[in-house]
Number of protein chains: 2
Amino acid sequence: MDIAEVAKASGLPASTLRFYEEKGLIQSTGRNGLRRLFSANVIERLALISLGRSAGFSLDEIGEMFTPEGLDINRALLLAKADELDRTIEELAAMRDGLRHAAVCKAPNHFECPKFLRLLRIAGKNRFRQPNKLKENKLKRGVQKT
Amino acid sequence: MDIAEVAKASGLPASTLRFYEEKGLIQSTGRNGLRRLFSANVIERLALISLGRSAGFSLDEIGEMFTPEGLDINRALLLAKADELDRTIEELAAMRDGLRHAAVCKAPNHFECPKFLRLLRIAGKNRFRQPNKLKENKLKRGVQKT
DNA sequence: CCTTGACTTAAAGTCGACTTTAGCTTGTAT
DNA sequence: ATACAAGCTAAAGTCGACTTTAAGTCAAGG
């Protein structure tokens with residue numbers, strides 16, 4: 001299949017496919033002139049990559065999970081990520097509760113509110129970040145070059 | 001207090017404090033020569049900012065919550081973030097379960113495993129990202145300019 | 001008075017995952 | 001045979017939140 005077909009089947013733009021190939025995450029099976037040719041199983045591989053990304057793996061980490069023959073799941077790494085997710089989930093849950101409290105708390109100064117102070121303590125422990133432009137990108141991507 | 005004191009009290013590097021001031025998130029009360037002077041309440045403000053970051057707010061969003069007089073918590077925004085966190089937590093939990101399953105699943109091809117396929121479906125819905133270099137940065141920061 | 005170390009600024013650099021651009025090349029349809 | 005849409009490459013740009021760098025200022029201690 002050519003790159004456009006892969007793009008359509010995987011939902012990823014061609015630029016991303018080229019980028020992934022350059023990174024060694026997928027391979028093309030050959031060329032027809034200049035044009036890359038892919039075998040159908042690249043679709044599964046891309047699904048795996050998307051999955052990994054969703055689970056919080058970096059592209060490099062995902063790359064390390066693949067062996068020449070195919071995917072070689074590193075079980076220890078999976079379990080470590082799962083544990084990491086557990087910790088993240090706990091922190092996010094605490095934050096969520098704190099936010100809901102803050103929204104109704106009527107203490108004039110939040111620093112006098114014990115719940116708020118607890119929240120502050122939790123927050124101090126860790127910093128994580130989330131992007132906030134993902135949907136926009138998805139939308140743009142869908143609309144691109146109509 | 002001068003910037004070094006604020007840095008120490010807040011745990012943030014001076015460069016970050018200047019950056020936040022430039023962004024309008026904090027203000028200095030004046031100067032002693034070139035040097036910024038801060039009033040003590042900037043510490044609380046910084047705690048609030050760190051809290052917001054931990055809860056997933058962007059600096060711009062945090063900025064919008066402050067009014068000239070101080071902080072003016074936008075309750076609707078807080079609740080919306082809390083709901084967003086709920087959704088994120090659900091997805092992360094599904095991912096975590098999927099990872100744990102994948103680590104023990106012995107199906108030769110994961111695409112034949114229904115649990116795995118369900119995971120794939122969930123992953124397809126959303127993409128979120130997490131950084132992976134935060135601790136390193138923190139460590140480096142502690143060691144800097146010994 | 002002079003050194004010095006903490007502070008200042010503006011501008012550039014970093015990180016990860018891509019996207020965009022500019023300028024070519026080519027398979028395919030007419 | 002020729003046009004042209006679709007592919008190609010290398011390089012630069014983007015986003016957010018900072019950090020780093022280079023070059024300059026200056027208050028305070030000796």
Side-chain angles (χ1 to χ4, degrees), chain A residues 1-8 10-26 28 30-38 46 49-50 52-54 56-64 127-146, chain B residues 1-8 10-26 28 30-38 46 49-50 52-63 127-146:
Chain A
M1 34 194 335
D2 76 7
I3 203 169
E5 293 178 273
V6 177
K8 203 172 168 209
S10 67
L12 296 167
S15 64
T16 299
L17 300 177
R18 289 190 206 99
F19 173 70
Y20 281 180
E21 191 190 8
E22 199 177 350
K23 275 227 130 195
L25 293 173
I26 59 176
S28 49
R31 298 278 180 132
N32 174 20
L34 275 189
R35 306 180 174 205
R36 288 167 179 78
L37 293 175
F38 293 94
L46 287 168
I49 293 171
S50 292
R53 296 280 303 108
S54 289
F57 291 90
S58 71
L59 291 182
D60 285 349
E61 283 173 320
I62 293 169
E64 286 167 18
R127 303 253 206 118
F128 37 81
R129 201 184 315 274
Q130 276 170 274
N132 45 338
K133 289 284 183 55
L134 292 182
K135 313 116 203 173
E136 276 188 73
N137 285 344
K138 283 199 171 182
L139 287 177
K140 260 193 254 165
R141 189 178 292 168
V143 170
Q144 119 194 342
K145 209 184 177 189
T146 318
Chain B
M1 35 194 336
D2 75 6
I3 203 169
E5 292 178 274
V6 177
K8 203 172 167 208
S10 67
L12 296 168
S15 64
T16 299
L17 300 177
R18 289 190 204 101
F19 174 70
Y20 282 178
E21 191 190 8
E22 200 176 350
K23 275 227 129 192
L25 293 173
I26 59 175
S28 50
R31 299 277 180 134
N32 174 20
L34 274 188
R35 305 178 175 208
R36 288 168 180 78
L37 294 176
F38 293 94
L46 287 168
I49 293 171
S50 293
R53 296 281 302 111
S54 290
F57 291 90
S58 70
L59 291 181
D60 286 348
E61 284 174 319
I62 293 169
R127 304 253 207 120
F128 36 81
R129 203 184 315 273
Q130 275 169 276
N132 46 336
K133 290 283 183 56
L134 292 181
K135 313 114 202 174
E136 276 188 72
N137 285 343
K138 283 198 170 180
L139 286 176
K140 260 193 256 166
R141 189 179 291 168
V143 170
Q144 118 196 341
K145 209 183 176 190
T146 318

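Labels below follow one simple rule: chain letters A, B, ... track the order of the sequence lines, proteins then strands, and each chain is numbered from 1. This structure is a prediction, so every number in the text was calculated from the model and none was measured.
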I need the minimum non-hydrogen distance between Leu17(A) and Ile26(A), along with the two atoms involved. O-CD1, 3.5 Å

Any chance you could measure Glu5(A), atom CD, to Ile3(A), atom CD1, to the nearest 0.5 Å? 11.0 Å

Indicate, with a heavy-atom threshold strictly under 4.0 Å, whether Ala14(A) touches base, sugar-phosphate, or nothing. nothing

Whole-Å distance separating the CG atom of Leu34(A) from the C1' atom of dA10(D): 14 Å

From CD1 of Ile26(B) over to P of dA17(D), roughly how many Å is that when rounded to an integer? 15 Å

Students often get this wrong, so: under 4.0 angstrom with heavy atoms, is Arg18(A) touching a base, only sugar-phosphate, or nothing? base

Check: Asn32(A) and Asp2(A) side chains under 4.5 Å, non-hydrogen atoms: no

Taking OP1 and OP2 of dA17(C), is either one under 4.0 Å from a side-chain nitrogen or oxygen of Tyr20(A)? no

Given dT8(C), is OP1 or OP2 found less than 4.0 Å from the side-chain N or O atoms of Arg36(B)? yes

Heavy-atom closest pair, residues Ala7(A) and Pro13(A): CB-C, 4.5 Å

Does Lys23(B) or Ile3(A) map to a spot on DNA chain D nearer the 5' end, using the closest nucleotide for each? Ile3(A)

note: Leu37(B), atom CG; dC7(C), atom P; distance rounded to Å ~ 11 Å

Any Arg31(B) side-chain nitrogen or oxygen under 4.0 Å from OP1 or OP2 of dT25(D): no

Ile62(A) CD1 to dC18(C) C1', straight-line distance once rounded to whole Å: 14 Å

How far apart are the closest heavy atoms of Asp60(A) and Lys23(A), and which atoms are they? OD1-NZ, 2.9 Å

Would you mind reading off the distance between Asp60(A) atom CG and dC15(C) atom C1', rounded to a whole angstrom? 12 Å

Measure CD/Glu21(A) against P/dC18(C) and give the value in whole Å, please. 15 Å

Indicate whether OP1 or OP2 belonging to dT19(C) is found under 4.0 Å from a side-chain N or O atom of Thr16(A). yes

Would you say dG27(C) has OP1 or OP2 under 4.0 Å from some side-chain N or O of Arg35(A)? no

Between CZ of Phe38(B) and C1' of dT8(C) the distance, given in whole Å, is 12 Å

Tell me: CG of Leu25(B) to C1' of dC18(D), nearest whole Å? 12 Å

Earlier contact from the 5' end, DNA chain D, for Ser15(B) and Asn32(B): Ser15(B)

